[in-house]
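Everything numeric here is computed off the predicted structure, so don't read it as measured data.
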Amino acid sequence: FERARRRALGDMIGRWEDVDSCAAFVERAVLRACHPFDVTRLYGGVEGVTVDDVRRCLSECLSPASCVHVVFTPESES
């Protein structure tokens with residue numbers, strides 16, 4: 001988990017290296033109604049995401065009430 005978090009932080013920091021990536025990063029943050037620097041708090045410090053946070057989020061997102069089962073079948077040729 002720590003390695004994945006460090007990699008995600010590195011990827012996020014990499015987005016600040018050129019103008020186009022920086023603009024896209026800020027735009028995505030604004031479209032999601034958050035400040036771009038709020039995202040950095042997720043990766044470290046006291047406010048950082050923990051394994052328990054991830055487990056809680058996954059259990060909420062993957063609860064049967066939140067999921068849909070879809071079955072695709074091929075069309076029969078007439």
Side-chain angles (χ1 to χ4, degrees):
F1 180 75
E2 287 300 318
R3 192 167 94 191
R5 183 167 46 181
R6 284 193 310 272
R7 180 174 178 173
L9 178 60
D11 289 346
M12 187 197 61
I13 290 170
R15 294 183 190 130
W16 294 99
E17 291 180 355
D18 65 76
V19 175
D20 292 334
S21 295
C22 183
F25 180 75
V26 171
E27 180 182 18
R28 280 192 302 273
V30 170
L31 290 174
R32 293 178 178 140
C34 71
H35 190 280
F37 293 119
D38 289 342
V39 178
T40 60
R41 291 189 196 116
L42 294 174
Y43 298 114
V46 177
E47 300 174 10
V49 174
T50 66
V51 172
D52 291 332
D53 294 332
V54 173
R55 286 184 181 145
R56 185 176 53 254
C57 181
L58 287 175
S59 67
E60 291 171 7
C61 294
L62 299 177
S63 70
S66 301
C67 296
V68 175
H69 183 154
V70 178
V71 177
F72 292 97
T73 57
E75 289 186 38
S76 60
E77 293 183 28
S78 306

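Counting heavy-atom neighbours within 6.0 Å of Arg28 CZ, excluding the residue itself, gives a total above 12.
Among residues two or more places apart in sequence or in another chain, the side-chain hydrogen bond (donor to acceptor under 3.5 Å, both in side chains) test is passed with Asp18 by Ser21. For Arg56, the salt bridge (Lys or Arg N to Asp or Glu O under 4.0 Å) partners at least two apart in sequence or on another chain are Asp53.
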